[in-house]
Amino acid sequence: MTGEIESRERAWQARWKEVGLGKARAQPGHPKFSLVFAYPGTSGFMHVGHMRGYTFADMIARFHRMKGEEVFFPAGIHASGLPAVIFAGKVARRDPDTIEGLKHWGARDEDLPGLEDPATASRFLARTYWKVWERFGLILDESANVSTIDSDYQQFIRWQFLRLERLGRLVQKPYFAAFCPRSGPVSVDPSETDLERGGNAEIVAYTALPFRLPDGRFLLCATLRPETVYGATNVWVPTEGSLFEWSHDGRTYLVSETGREKLLEQVGGERGADVAVDALITQEVEAPLTGEKMRLLKSPLVDPHVGSGAVMSVPAHAPADWVAVQELEEPTRSLLASHAKVLLTLPEESLAPSERELFRGDGPPAAQAVRSLGVKGLSDTERLQEATERVYRAEHAHGVMTVLGHEGESVQRARERVAEAALARVGAVEIREFSEPVVCRCGETVIIRKVPDQWFLAYGNGGWKDQVRAHLRGMSVYPAEYRDELPRILDWFEDRPAVRRGKWLGTPFPKDPRWIIEPIADSTFYPAYYVVRRFVSAGKLKVEELTPEFFDYVFRGEGDGGGHVGSDLLEEVRREFLYFYPLDLNLGGKEHKRVHFPPFLYNHVALLPPELCPRGIFVNWWITRDQAKVSKKDIKGGALPTVDRALSDLGADGLRLYYAIASTSSQDIEWDLPSAERYAERAQEALRSVRPLLEGLSSWTLPSLELSTHVDRWFSSALAGATRRAREAFEENDLRSAAEVVYVEIPGLIRRYRAKGGKEATLLRGAGSLWVRLLSPITPHLAEEAASSSGLGLVATAPFPGPDVLPIFPEAMAREAMVDLLEDDVQSLLKAWKSPVAELRVFVASGWKTEAERALLDAFRGGTAHDLGSVMKVLRTHETLKSHLPDLPAWLKLYDLRELAVASSKRGPPLAPAEEQALWNESVPYLRERFGLATVSVLKEEDAASADPKGRRLRARPGRPALFLVEPATKGLLPGPR
RNA sequence: GCUGGCGUAGCAAAGUUUGGCCAAAUGCGACGGACUCAAGAUCCGUUCUCGCAGGAGUUCCCAGGUUCAAAUCCUGGCGCCAGCACCA
């Protein structure tokens, strides 16, 4: 069966292509819908996880196409950056998985050497992506297909950056970058593409405080907690070796050798002589800011490779210092311990219970933590580290300073102020350091180097940011969580490096071609370029004609286009751009929330007027496996099925339905083959159910129908309602709700219609006509398949059913709801009733109850009634109810008055008893069938006394009849009317 | 660290913004039944506990609180997950 599905799907894909479904035409005046998905980087082969977002885009595109809009749905390839370089590297070393993948996609042995070239590998991968998209039924505009390493795209990027620079959106300032002394710039990230280890390292900035030696030189102590200088009791120096002179800004400092190298890279300055530690040890130093004198002491605590090679000792707040002091010999130990000065308080109420546990007993915080955790000594590194981290964190989060000059200040604030003061006034310097060792692939230790003239995109610029905020207010962002989050992301969005010097694919920076434009920066404004690319693909525009002047005119309407392109063509390109822009929707995975979408918005608002800026963003979550992100780089031996495998097992439609319905788009789906199979099966069921309904149809226009029976009227109304809800869900890009209506609710309605005896063929054909079109956006192949034997033509181009496709009969809906209610009542009776049932008697409420209920509702609506007493008072005055006064209290007990007070306004008037009786009579066959009852009788309350030995009939309310079940063996009790 | 998300019956997942018709939709699974030579599909029933009259009890991570009324609001706690840090 599966092979058959696959070949049919391919046939329909070919058909769509044949009729040019994807090719968008600019038709000024005609509504259009432009959308893109964040184009993929070329890092490896696609698997079913990636396809979720792409098929969502296609579903949305198909919906809009069926609504009659001109849909522009292009796609491209983001080849920039490192991924293709890495992939080519895998080819070069003949990585088995990579080679297997390549062979699978048709590479031959003789192609492999060529694929060692990143650009070639990237183009190869790009072709596989397009094939996969096609196999999932995406209808893309191929004429806009572009890769970011194509020369025309690079012309576009050059223009974009020149333009941004002229608009003042690029700024130059110093930057600290990871740098391998042998291999050059590297990127520090967990994928460790450049690295041997240390991918999770972050750059932390130490403040190195100068402690003055008697001879005027300074000992540099690097710290992350400069505010604790007020509690320093001594300075630790290495147990052996030397310190080294480093001169900068007129001062001479002593630091470790590696510390000096860092400072030379990051700050500048000059080397000087070296000094043995032993030659210094007898001297006292003067602490910065406080002026306190203190001793130098040797300690194994000092790692010359970290920081500056000396550290200040703050025993009150640093567990390691506290322990180190305890291990000193007397009398130094007691002396220093007694000087350990507590600098801050930790307000009890702000601490978490676990923190309160940590800080108890006597002594300064560090001593408390050391005791609580049972730190044995300096060699007990594990516990010591935990103590350090927890003290550090608690004090940072909750600490309030008590030191003179900083009283009442938060530790966070004090830290900033002290650091600033130290840098400005006493010659402190900043040292940047990785939080863990970072080692390059080449084996060299990666360092941090200052880049003095790095180019940034000035995303932190307040004015630019405000422009983005202002535009964002008018945009549609899905899901709502992201809409709310985006402004907060903008709050902290900062300037972003725009170029880099490294070995990766991308466009040279036009201001200085030694730099290559950073991959995220070259993928922000690209949806605009798709329009131009169509002309390049068609051979109408040449690469060299794509000058800055040309783009200025096409995108911004500025200047005359530079004269290289004929004015007719120039105008045509401009017209197409103005037709297809603004972009209506940009779709991307959740990983783009903070990386791609904000720059995408920034660059648009910088380059285009507001009316041409994007209108929508859609974020989708992932297909995951074992709670780990599954992405191209993670795929290892069948973590997820390959695309081919999944397609042949489930079919494209099966997968598409699974993507849409298994979870909301804003939630990850953990890949689960059995449930994917079930949805695939459900898709096939839909095909089997809808196909017979379409026989003989040759037009999408529904015939006008004479619907006289309730069941027909109800079915018509219910279908119309479902259609409306499906359409609204698609409108809101709520694919899961749409899928639920289309694949669960509608087949349920059809089944129920038949169970109720519905058989109006024209109406059923109408249902089929609606349903097959509703099926098309999510499962397009099977929709075509279903319609193929009718005379309807392609479903993909059929009009999407509007809100008024079928007549709605409110009273039929209301009646159906009443029957539902009765059905529920009967069911709950039968549930509690264990013996066999011969007959169900339905007692319709007397006419006076109808009157009474009307009066009751009026009273509540009018506010004259609110409790039992007032209700009685009101009802007593009614002429018609006079004769039933004694019955009123029992009747009122049937109602929940409190609820009526809330809901009275929503309730319609009750049905007249005769009408109600007719309705129940009509439902008799259904109820008999439904509950397997031999007899169902409908009786009026007032003349059923003899048929109601237990007095159940008194429970009857308008619209809610009383019920009585009769046992078969009950003899003598049945002199009833029937 | 910064920024988000999540915790609902066997599983998945609505409901939470706007408290009440919520024992809590829907789907799946499971069990029982009808149909069938049989399977699938379909249909019916059950799926927190109790109940031979339409009901009662105990539930929506935990503990408090607000309220006539809490899955929903507030406070605190526990647990899980994700994104980001020049990575596309």
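Chain A is the first sequence line, chain B the second, and so forth, proteins listed ahead of strands; every chain is numbered from 1.
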What contact category does A:Phe964 fall into here, base, sugar-phosphate, or nothing, at under 4.0 angstrom with non-hydrogen atoms? base
Establish, yes or no, whether the cationic atom of A:Arg594 lies under 6.0 Å from the six-membered ring centre of A:Tyr459 and within 45° of the ring axis. no
Answer yes or no: does a side-chain N or O of A:Arg682 lie under 4.0 Å from OP1 or OP2 of B:rC28? yes
Would you say A:Asn586 and A:His596 are linked by a side-chain donor-acceptor pair, where the criterion is simply a distance under 3.5 Å? yes
Just name whichever nucleotide pairs with B:rA23, Watson-Crick or G-U, keeping both distances under 3.5 Å, else none. none
Strictly by modelled atom types, are A:Thr148 and A:Asp522 linked by a side-chain donor-acceptor pair under 3.5 Å? no
Once you apply a heavy-atom cut-off of 4.0 Å, does A:Ser80 come out as touching a base, just sugar-phosphate, or nothing? sugar-phosphate
A:Arg488 near the nucleic acid: base, sugar-phosphate alone, or nothing, with a heavy-atom cut-off under 4.0 Å? sugar-phosphate
Considering every strand and a 4.0 Å limit on heavy-atom distances, what is the contact class for A:Pro598: base, sugar-phosphate, or nothing? nothing
Which part of the nucleic acid does A:Trp504 contact within heavy-atom distance under 4.0 Å: base, sugar-phosphate only, or nothing? sugar-phosphate
Check every strand shown and say whether A:Leu965 touches a base, only sugar-phosphate, or nothing at a heavy-atom separation below 4.0 Å. base
Given the P atoms of B:rG7 and B:rA12, what is the spacing between them in whole Å? 12 Å
What does A:Phe493 touch in the nucleic acid at a heavy-atom separation under 4.0 angstrom: a base, only the sugar-phosphate, or nothing? nothing
Applying a 3.5 Å limit to both distances, which nucleotide forms a Watson-Crick or G-U wobble pair with B:rU67? none
Determine the Euclidean distance between corresponding P atoms of B:rC48 and B:rA23; express it in Å to zero decimal places. 15 Å
Within the 4.0 Å heavy-atom criterion, would you say A:Glu745 contacts the bases, only the backbone, or no part of the nucleic acid? nothing
Searching all strands shown, indicate the nucleotide that pairs with B:rU16 (Watson-Crick or G-U wobble; both distances under 3.5 Å). none
Which base sits across from B:rC78 as a Watson-Crick or G-U pair, both distances under 3.5 Å? B:rG7
Quick one: does NZ or CZ of A:Lys950 land under 6.0 Å from the six-membered ring centre of A:Phe964, within 45 degrees of the ring axis? no
